[in-house]
Protein chains: 2
Amino acid sequence: MGKCEQCIVREFSSLKALNKDELVKLAECKTSRTIKKGKPIFEEGDVVNGIYCITSGICKMSKLSANGKDQIVKLIKAGELLGQRSMISDEPANLSAVALEDMEVCFIPKSEVMNMFDSNNQFSMNMMKTICGDLKEASEHMVSISQKTVKERLAETLIYLAETFGKNTDGSLGIQLSREELAGMIGTATESCIRLLSDFNKLGLIELQGKKITIKDLNKLKRIAD
Amino acid sequence: MGKCEQCIVREFSSLKALNKDELVKLAECKTSRTIKKGKPIFEEGDVVNGIYCITSGICKMSKLSANGKDQIVKLIKAGELLGQRSMISDEPANLSAVALEDMEVCFIPKSEVMNMFDSNNQFSMNMMKTICGDLKEASEHMVSISQKTVKERLAETLIYLAETFGKNTDGSLGIQLSREELAGMIGTATESCIRLLSDFNKLGLIELQGKKITIKDLNKLKRIAD
DNA sequence: TTTAAAATATGATAATTATCATATAATTTT
DNA sequence: AAAATTATATGATAATTATCATATTTTAAA
């Protein structure tokens with residue numbers, strides 16, 4: 001079993017508040033798991049009895065609607081935690097978490113997290129701040145969906161992806177989403193998303209090579225996004 | 001200065017975890033304020049250095065967009081707290097809070113709330129649960145805006161208003177929103193909202209008497225909302 | 001490698017929703 | 001109470017976006 005002390009999740013998440021003793025205890029009770037691309041970590045309705053530390057990979061949190069569309073609410077990457085909302089609320093998950101790449105995650109059981117909440121106020125405070133940050137993001141996403149056009153949202157989302165997931169060595173976006181998934185992020189039909197990507201391509205804002213998207217003119221994209 | 005012990009906010013919010021001593025301390029440090037209908041409690045960009053307890057009245061939390069539309073993210077009523085997100089994140093408010101009716105609020109300074117976080121784990125836990133609940137609501141609202149039609153969202157919103165704010169003695173909704181505000185909740189143009197209300201009226205689902213809206217056929221509304 | 005399946009692309013069209021114009025009703029101010 | 005302002009209502013039209021159809025390309029499987 002790996003140590004938690006040097007873990008990327010400890011570095012970037014609420015867990016940075018933990019001291020050495022707490023990290024040792026954590027290393028003892030955690031369990032590791034590999035999730036293959038396309039597989040769920042948990043699904044809507046599942047009871048999540050702890051939190052997941054994402055050691056590597058990226059996953060989407062999304063909700064499948066009656067008409068078969070999958071709305072992506074949030075992307076989560078290595079270094080972040082997953083499942084807090086459901087665990088803290090003591091409710092089944094309202095979103096599914098599905099791997100967009102092969103992932104490594106560690107699971108920390110609820111009892112252990114609760115002990116840490118009790119004994120380490122800084123950890124609780126960090127967790128609160130993270131959730132408040134998520135809440136702010138969700139509000140802003142909501143306003144964006146409701147007040148911007150699909151074109152504006154696509155531009156906005158491409159910029160977000162570039163800022164959050166960086167670039168590959170060839171300059172293309174460091175995260176690969178299908179057109180359907182990208183459409184699910186901006187809340188539109190897959191065909192509309194494809195069409196607008198083509199438009200952006202023709203305008204020289206981006207370049208498309210199969211699934212790969214390369215941003216060519218960030219400033220113009222920013223002007224479109226507002 | 002009123003006592004906090006019998007306060008409606010204490011009964012319904014995270015504050016229910018406070019013991020008598022804590023309530024006495026709270027009563028000493030809180031300040032009360034009246035806000036007239038239409039006036040802000042705080043506005044986007046303001047630093048919120050504490051939390052507000054809503055003793056009476058209702059307010060909207062909303063964000064004004066570039067094109068002048070006011071998207072309502074959430075309604076908050078008597079018994080609830082306001083301003084936690086911003087206070088905990090240590091960031092300026094990302095939404096404005098404006099009174100929809102005359103309101104009575106009490107302000108608890110941040111230092112006092114932080115003391116209570118430190119000394120009362122149940123209070124922290126309650127607060128976390130509330131914020132997690134808000135996050136869940138925000139996700140669901142987002143999915144709804146992105147996947148449902150305006151008609152479905154209007155039906156959904158009318159049902160939500162009925163469930164959350166009850167009825168007046170004449171059977172009409174216990175909250176009065178202008179058509180513009182209702183449009184801001186469902187994320188559509190005011191005219192579209194008015195038009196659909198007219199349709200619902202003609203179909204016998206609701207009845208309109210000036211600003212007052214009375215739900216006549218809840219089941220059919222539910223079928224429309226999905 | 002060939003075939004099959006899935007993803008991407010694009011045209012044509014329909015449906016939804018926004019915008020503009022204007023009328024009427026309600027509310028506020030004088 | 002009359003005038004002015006604001007809110008609500010509705011028609012006409014434009015803009016946006018979804019849907020359906022089908023072609024092409026890419027990826028996976030046989």
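Residue numbering restarts at 1 for every chain, and letters A, B, ... go by the order of the sequence lines.
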Report yes if at least one side-chain N or O of A:R195 is closer than 4.0 Å to OP1 or OP2 of C:dA9; otherwise report no. no
Check this for me: A:K16, atom NZ, are more than 12 non-hydrogen atoms of other residues, nucleotides or ligands nearer than 6.0 Å? yes
Report yes or no: does B:E163 contribute a side-chain atom to a donor-acceptor pair with the main-chain N or O of B:Y160 at less than 3.5 Å? no
Which residue lies toward the 5' end of DNA chain D, A:K148 or B:E191, if each is placed at its nearest nucleotide? B:E191
Pairing of A:K216 and A:E207 as salt bridge, 4.0 angstrom limit: yes
Can you tell me the distance, in whole Å, between the NZ atom of B:K37 and the C1' atom of C:dT27? 11 Å
Given 3.5 Å as the limit, does a donor-acceptor pair link the side chain of A:S96 with the main chain of A:E44, or not? yes
Using a 3.5 Å distance criterion without hydrogens, assess whether the side chain of A:N168 forms a donor-acceptor pair with backbone atoms of A:G171. no
Do the side chains of A:K151 and A:D199 get close enough for a salt bridge, i.e. N-O under 4.0 angstrom? no
Could you tell me the separation between the CD1 atom of B:I194 and the P atom of C:dA21, rounded to a whole number of Å? 17 Å
A:I224 CD1 - D:dT16 P separation (whole Å): 13 Å
Salt bridge between B:K110 and B:D90, side-chain N to carboxylate O under 4.0 Å? yes
Find the distance B:R179:CZ to C:dA26:P and express it as a whole number of Å. 11 Å
I want to check one thing: is the phosphate of D:dA18, taken as OP1 and OP2, less than 4.0 Å away from some side-chain N or O of A:S192? yes
Do the side-chain N or O atoms of A:S198 get closer than 4.0 angstrom to the phosphate oxygens (OP1, OP2) of C:dT8? no
Does the side chain of A:K202 get closer than 4.0 angstrom to OP1 or OP2 of C:dA9 through an N or O atom? no
Are B:S178 and D:dA7 close enough that a side-chain N or O sits under 4.0 Å from OP1 or OP2? no
Respond yes when some side-chain nitrogen or oxygen of B:T190 is under 4.0 Å from OP1 or OP2 of D:dT8, and no when none is. no
B:Q147 CD to D:dA18 P, straight-line distance once rounded to whole Å: 11 Å
For A:L208 and C:dA7, give me the distance from atom CG to atom P, rounded to whole Å. 17 Å
Answer yes or no: is there a side-chain heavy-atom contact under 4.5 Å between B:E140 and A:K63? yes
Look at the side-chain N and O atoms of A:K212 and state whether any lies under 4.0 Å from the OP1 or OP2 oxygen of C:dT8. no
Using nucleotides 23-27 of chain D, report all nitrogen or oxygen pairs with the protein that are shorter than 3.5 Å.
none

How close or far is atom C1' of D:dA15 from atom CG of A:L196, stated in whole angstroms? 14 Å
Has the side chain of B:S13 got a donor or acceptor atom that lies under 3.5 Å from a matching backbone atom of B:L15? yes
Return yes if a side-chain donor-acceptor contact under 3.5 Å exists between A:Q147 and B:S65, otherwise no. yes
Distance, rounded to the nearest Å, where B:N67 contributes CG and D:dT16 contributes C1': 15 Å
So, with a heavy-atom separation below 4.0 Å from DNA chain C, the residues of residues 149-158 of chain B are B:T149, B:V150
